[in-house]
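The structure displayed is predicted, hence computed values, not measured ones. Positions are given from 1, in the same order as the sequence printed here. Counting starts at 1 for both ligands and their atoms, following the listed order.
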Amino acid sequence: MITRIKCLVICVTLLNLNAFSQFPIDSKATVKTKLLLQNIKRISKKGIMFGHQDDDAYGVGWREEVGRSDIKSITGSYPAVHGWDVSQLYNPHNLDTVYFDKMVGWIKDTYKRGGITTISWHLDNPHSKGNSWDKTPAVKHILPGGESHQDYLIKLDQLADFFKKCKVGFTKIPIIFRPYHEHNGDWFWWGKGNCTEEEYIQLWKFTSDYLRDEKGIHQLLYAFSPDRSRLNLEDGKSSYLYGYPGDDYVDIVGYDNYWDVGHPANKKTIEEQGKDLAKGLQLITAVAQEKNKVATLSETGQESLLNDKWFTEVLLNPIKNSQKPIEIAWILVWRNANTKHHYAPYPGHKSEPDFKEFVNDDLSFMESDLDNPYKKDKALK
Ligand code: BMA
């Protein structure tokens, strides 16, 4: 009898876990990394976190001022998700002149406040030594057996050293790592046409295996993010899954979309673009549900925010009006470099009121709405 009761208790516990659980692909992921994944999944069912690239490092008209952020200046809160790029780790700073020692400091501060960090990697071409936009075929040369394999291992060692610095006391800070993004486009050396699909998959697998098994990095959640401009929405999933390394290699499925959100070259009306945006987000949501992953709009934005109602009319309304489910954990807009190249408002920009409306909407979450997403069953206030 006791054994039967025990069995029942175990079964019910397992069922409960399954109802909301997703475990990281890394079976040795740290406890906090596991909790972060569960919490962002939980959040994705309630609303969408707002994210911004390089938010703490600089904004329009300023750089490296303690505690400053264009988003915080406008709304009183940091974004929930802070994006960084770890290109050029052999230098003191990345390609956008963000110093790595400072970046580590901002990542620690974000973690301590209960914010979330995501990292992309505009890795220089390890074979040609050009930058990430140098399309010289490289992937086959950097995989095991290739003539530049050792050079690639050096890059991975530098990357692992960076992740190891991201800790507070003994706690390794969980990080959403989004390598080799927009790979269905042809503009990066890891992109379509510059390597085969199989080579891309091998590169992804080798990279995550090496970081996990050789370097002992267990604080990462891996995010896959093709680009919308090369997605065929009619051919949904199969187009989306180009280069997908497999369910055992991806925690988060996302996509970058600068196209359906008022790109100057997109001649469709705002309404038509909104429908395409919703369709893409529904697709990512469906892929995530089918695979038990989390979905994200990993990059978006309109350069210079030409439409001063961009945040509500272009981004929020299509999501709110969607007929089918959209469950996206976060959206991240790109960096605020200057008045010509920025994707979030800055104080005084004409889209400021609209952005505040977006932030005040029940659907959007800022860092101040989070309640330590690294703790059990605690995600939102
Ligand atoms: C691009 C632009 C570039 C930048 C690169 C990597 O979208 O913002 O200026 O160097 O991303 O951050």
Side-chain angles (χ1 to χ4, degrees), residues 50-64 69-71 79 81-100 102-104 106-107 110 117-126 128-135 138 155 158-159 162 175-192 194 223 225-231 254-266 296-306 310 315 330-346 349 351:
F50 175 73
H52 187 211
Q53 186 75 2
D54 288 351
D55 186 77
D56 320 57
Y58 57 84
V60 175
W62 63 273
R63 201 166 248 281
E64 288 179 16
S69 139
D70 280 349
I71 301 303
V81 176
H82 300 241
W84 300 105
D85 193 276
V86 288
S87 55
Q88 304 181 356
L89 279 164
Y90 52 87
N91 273 336
H93 60 70
N94 76 3
L95 83 171
D96 300 319
T97 332
V98 179
Y99 282 81
F100 292 114
K102 297 241 163 72
M103 194 190 286
V104 169
W106 287 311
I107 290 171
T110 297
T117 292
T118 179
I119 287 186
S120 56
W121 199 23
H122 281 83
L123 177 65
D124 287 351
N125 186 319
S128 70
K129 316 287 183 236
N131 64 22
S132 25
W133 292 269
D134 178 342
K135 300 178 183 190
K155 303 291 177 197
Q158 287 167 347
L159 180 65
F162 178 86
I175 288 171
I176 298 160
F177 183 42
R178 190 171 66 91
Y180 302 128
H181 63 302
E182 301 175 4
H183 63 283
N184 57 345
D186 62 355
W187 44 89
F188 295 129
W189 56 262
W190 58 85
K192 203 174 196 170
N194 308 323
S225 66
D227 193 73
R228 153 65 179 119
S229 66
R230 304 302 158 89
L231 263 191
Y255 80 148
D256 291 2
N257 190 349
Y258 291 97
W259 182 245
D260 305 313
V261 287
H263 191 286
N266 190 340
T296 177
L297 175 49
S298 36
E299 276 185 42
T300 189
Q302 185 188 49
E303 190 176 38
S304 304
L305 285 168
L306 303 168
W310 187 84
L315 184 64
W330 77 92
I331 63 127
L332 181 133
V333 299
W334 207 239
R335 62 201 200 100
N336 273 13
N338 52 55
T339 52
K340 300 266 174 297
H341 189 57
H342 69 96
Y343 295 83
Y346 51 87
H349 188 269
S351 69

Geometric class of the W121/F177 ring pair [parallel <30°, tilted 30-60°, perpendicular >60°]:
tilted
Look at the rings of W190 and H122 and say which category their plane angle falls in: under 30° parallel, 30 to 60° tilted, over 60° perpendicular.
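Rings of W190 and H122: perpendicular, as their planes differ by over 60°.
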From CA spacing to verdict: salt bridge (Lys or Arg N to Asp or Glu O under 4.0 Å), R230, D186
CA-CA 9 Å; R230 304 302 158 89; D186 62 355; 3.6 Å; yes
Can you report which non-hydrogen protein atom sits closest to [atom], along with the distance?
atom	result
atom 1 (C) of ligand 1	W334 NE1, 3.6 Å
atom 5 (C) of ligand 1	W133 CH2, 4.0 Å
atom 2 (C) of ligand 1	H341 NE2, 3.4 Å
atom 9 (O) of ligand 1	R335 NH2, 2.8 Å

Does even one non-hydrogen atom of L95 get within less than 4.0 Å of ligand 1?
yes
So that I know where these two stand, are W330 and F50 an aromatic pair - ring centroids less than 6.0 Å apart?
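No: the rings miss the under 6.0 Å criterion.
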If you measure every N or O of D96 against every N or O of ligand 1, does any of those distances drop under 3.5 Å?
yes
Those residues that, when tested against D96, pass side chain to side chain contact (heavy atoms under 4.5 Å, CB included) (two or more places apart)
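With neighbours one apart ignored, the set is D54, Y58, N94, R335.
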As an exercise, identify every atom of ligand 1 less than 4.0 angstrom from a heavy atom of H122.
6 (C)
Under the criterion side-chain hydrogen bond (donor to acceptor under 3.5 Å, both in side chains), which of H181, R178, H183, E299 is the partner of S225?
R178
Short version for Q53: what comes under 4.0 Å of ligand 1, heavy atoms counted, is neither
